[in-house]
Amino acid sequence: MDALILSYSDTRRLVDMVGMDVIMRTCIDRLRNGFSEVSRERWRGCPPRNGFVHDHSVGGGVIENMPYLEVNRGMTLKTISYKPNNNAEHRLPTVVGAICRYSDSSGELLAICDATVPTAIRTGAATAVASSMLARPDSRTAAIVGAGLQAVTQIHALCVSFALERIQVYDIDRKCAESLKDRCNFTSAQFEVFDDPHGVVEGADILVTATSVRPGAGPVVRDERLSSHLHINSIGSDEPGKTELPLSVLNRAYICVDHLDQALNEGECQVLERDAINVTLPDLVGIARSTGQPLPQVHDLTVFDSTGFAFEDHVALDVFLDFAAEAGLGGKFSILDGPVGLHSPYSTSATN
């Protein structure tokens, strides 16, 4: 069977052809629907990701694998790396990787897709789902700490979910912060760049932290000037020792996580006990779906600890594969290009 290949260029072309709003809204809707299925246990496995942590003598970061199995549909496996020096040293995004889909029945490779664009979009989509449940529906001001690649899809997802009027930005690289407005030309919201990560939070309804802070160097914001109703989406904690929020914020917040075991190992919640976590995002969505009523908005401080898990990649890959099929986009190749030796790895005859 031929496997489909979607390169980075293919994923970018799909966004242009289909429209960024259509792809983002599709991913948000499918994640929301999928989370309700996950919460009802109509799935078969999504273990925590695992892999290798590099110390900072070799640049730091992680290389990990993230599997998800949906019986009778397929297994998705993402290999992903977070390398904080990628931009400066290699002119590559901080997060790079590939997402593969395998047949559940035969184990054959069905598709392989560059992970850069789908990962950024699904991370923004998860933020949108969580924020729609936890932030005030009339939120108008968002603050973002960390203005890199992920910041674009975070703002995009929030803009398709809320009528944002103002976006407050901080990054240790002021030029990067100043360029965010141009990179977010999909919104008419007013941008303001701040000189420190503490003042940027003042007056915000929603805060996103998306930094490359080193393990042990956090937090990146203080427990100061935070609105009483603030909702925080923390997406930068993705390895042990790396946190963005003060413990005092977590101790007084209503906390939602995407994947419980991951959050306790490498998310913001790695500094908490399991019973300090209030709810998972799949359960939160599932409760609302099962009652047929939206949950009442939580008006106190809330935190979504987003570590990103393989189910989200499974959904995002489906979105890109579906749009690629409609557009006729992507190359094909076969690894099992036969004839296959069924009984000897050295034979080219199917009868041996």
* Asked: Are the side chain of D305 and the backbone of G267 linked by a donor-acceptor contact shorter than 3.5 Å?
  -> no

* To do: List in chain and number order the residues that pass salt bridge (charged side-chain N to carboxylate O under 4.0 Å, His left out) with D238, two or more places apart in sequence or in another chain; answer none if no residue qualifies.
  => K242

* Asked: Could you walk me through whether T307 and H259 pass the side-chain hydrogen bond (donor to acceptor under 3.5 Å, both in side chains) check?
  -> CA-CA 7 Å; T307 56; H259 192 291; 6.0 Å; no

* To do: Before giving the answer on side chain to side chain contact (heavy atoms under 4.5 Å, CB included), spell out for F162 and S131 the whole-Å C-alpha distance, their side-chain angles and the decisive distance to 0.1 Å.
  => CA-CA 9 Å; F162 297 87; S131 298; 3.7 Å; yes

* Hydrophobic cluster partners of I80 (side-chain heavy atoms under 4.5 Å) -> V53, V62, M66, Y82, V95

* Asked: Is any side-chain N of the basic residue among R13 and D16 closer than 4.0 Å to the acidic one's carboxylate O?
  -> no

* Min side-chain heavy-atom separation L272-N251 under 4.5 Å -> yes

* Looking at side-chain heavy atoms only, is the closest gap between R73 and D318 below 4.5 Å? -> yes

* Evaluate the side chain to side chain contact (heavy atoms under 4.5 Å, CB included) criterion for residues T76 and F311: first the C-alpha distance (whole Å), next the side-chain angles of each, then the deciding distance (0.1 Å), finally the verdict. => CA-CA 8 Å; T76 297; F311 173 74; over 6 Å; no

* Taking only residues at least two apart or on different chains, which pairs with a member in residues 104-121 satisfy salt bridge (charged side-chain N to carboxylate O under 4.0 Å, His left out)? -> none

* Check step by step if side-chain hydrogen bond (donor to acceptor under 3.5 Å, both in side chains) holds for D205 and S139. => CA-CA 5 Å; D205 303 305; S139 294; 4.6 Å; no

* Asked: Quick one: do M133 and I235 end up in the same hydrophobic cluster if we chain Ile, Leu, Val, Met, Phe, Trp and Tyr together by side-chain heavy atoms under 4.5 Å apart?
  -> no

* Asked: What residues, two or more places apart in sequence or in another chain, satisfy salt bridge (charged side-chain N to carboxylate O under 4.0 Å, His left out) together with R49?
  -> E64, E266

* Asked: Cut-off 3.5 Å, side chains only: do S7 and D10 have a donor facing an acceptor?
  -> yes

* Any side-chain donor-acceptor pair under 3.5 Å between E244 and S237? -> no

* By salt bridge (charged side-chain N to carboxylate O under 4.0 Å, His left out) - contacts of R174 (at least two apart) -> E178, D195

* Asked: Given side chains that start at C-beta, do those of L14 and L329 come closer than 4.5 Å, heavy atoms only?
  -> yes

* **Gap separating the OH atom of Y68 from the CZ atom of F309, nearest 0.5 angstrom** => 8.5 Å

* Could you verify whether a donor N or O on one side chain and an acceptor N or O on the other, from T211 and T209, lie under 3.5 Å apart? => no

* Decide yes or no for F304 and V129: does some side-chain heavy atom of the first lie under 4.5 Å from some side-chain heavy atom of the second? => no

* Asked: Distance-only, no hydrogens or angles: does the D283 side chain make a donor-acceptor pair with backbone N or O of V279 under 3.5 Å?
  -> no

* Which heavy-atom pair separates D171 from G148 by the least distance, and what is that distance? -> OD2-N, 4.1 Å

* Asked: Can any side-chain N or O of S106 pair as donor or acceptor with the backbone N or O of S103 at less than 3.5 Å?
  -> no

* Look at K78 together with D313 and state whether they make a salt bridge at an N to O cut-off of under 4.0 Å. => yes

* Partners passing side chain to side chain contact (heavy atoms under 4.5 Å, CB included) against A98 (at least two apart in sequence or in another chain) -> T79, I112

* Asked: At their closest point, which heavy atom of A111 faces which heavy atom of A3, and how far apart are they?
  -> N-CB, 4.2 Å

* Does some side-chain heavy atom of L77 sit less than 4.5 Å from a side-chain heavy atom of I99? -> no

* Asked: Do P67 and P47 have side chains that get closer than 4.5 Å, going by heavy atoms?
  -> yes

* To do: For D182 and S179, test the side chains for any donor-to-acceptor distance below 3.5 angstrom and give the result as yes or no.
  => no

* Structure fact -> On a heavy-atom basis, the closest approach of A204 and L230 is O-CD1, 3.3 Å

* Asked: What ring-ring contact (aromatic ring centres under 6.0 Å, His included) pairs are there with at least one residue in residues 178-199, not counting sequence neighbours?
  -> H156-F186

* To do: Return the set of residues passing side chain to side chain contact (heavy atoms under 4.5 Å, CB included) with A253 (not counting sequence neighbours), or none when no residue passes.
  => I255, L301, V303

* To do: Quick one: closest heavy-atom pair of G308 and D258, and the distance?
  => N-OD2, 2.7 Å

* Structure fact -> In this structure, CD of Q190 is separated from NZ of K181 (nearest 0.5 Å) by 6.0 Å

* Asked: Do S248 and R252 have a side chain donor and acceptor closer than 3.5 Å?
  -> no

* To do: Sequence neighbours left out, what passes side chain to side chain contact (heavy atoms under 4.5 Å, CB included) with N87? Give chain and number order.
  => R91

* Would V152 and L149 show up in the same hydrophobic cluster when neighbours are defined by side-chain heavy atoms closer than 4.5 Å? -> no

* Asked: Quick one: are L321 and L4 in side-chain contact, heavy atoms under 4.5 Å?
  -> yes

* Where do D196 and R222 land on the salt bridge (Lys or Arg N to Asp or Glu O under 4.0 Å) test, with the steps shown first? -> CA-CA 11 Å; D196 72 84; R222 297 176 186 150; over 6 Å; no

* Residue pair I28 / A157: nearest heavy atoms and the distance that separates them -> CD1-O, 4.4 Å

* Asked: Can you pull the salt bridge (charged side-chain N to carboxylate O under 4.0 Å, His left out) pairs that have at least one residue in residues 159-169, sequence neighbours excluded?
  -> R140-E165, R166-E192

* To do: Show your reasoning for whether side-chain hydrogen bond (donor to acceptor under 3.5 Å, both in side chains) applies to T127 and Q154.
  => CA-CA 7 Å; T127 287; Q154 289 292 307; 2.8 Å; yes

* Using 4.0 Å as the upper bound for N to carboxylate O, is an ion pair formed by D261 and R274? -> yes

* Evaluation steps, side chain to side chain contact (heavy atoms under 4.5 Å, CB included), between V257 and L260 -> CA-CA 6 Å; V257 301; L260 183 58; 4.2 Å; yes

* R12: salt bridge (charged side-chain N to carboxylate O under 4.0 Å, His left out) partners, not counting sequence neighbours -> none

* side chain to side chain contact (heavy atoms under 4.5 Å, CB included) involving A151 - partner list, sequence neighbours excluded -> I144, L180

* To do: Ignoring hydrogens and angles, tell me if any N or O in the side chain of R25 forms a donor-acceptor pair with the backbone of V160 under 3.5 Å.
  => yes

* Side-chain contact, heavy-atom cut-off 4.5 Å: P48 with N265? -> no

* Can I232 and T302 be said to form a side chain to side chain contact (heavy atoms under 4.5 Å, CB included), step by step? -> CA-CA 6 Å; I232 303 172; T302 58; over 6 Å; no

* Structure fact -> Minimal heavy-atom distance between R122 and E312, with the atoms involved, is NH1-OE1, 3.4 Å

* Applying the 4.5 Å side-chain criterion to the ILVMFWY set and letting contacts propagate, would I155 and V15 be lumped into a single cluster? -> yes

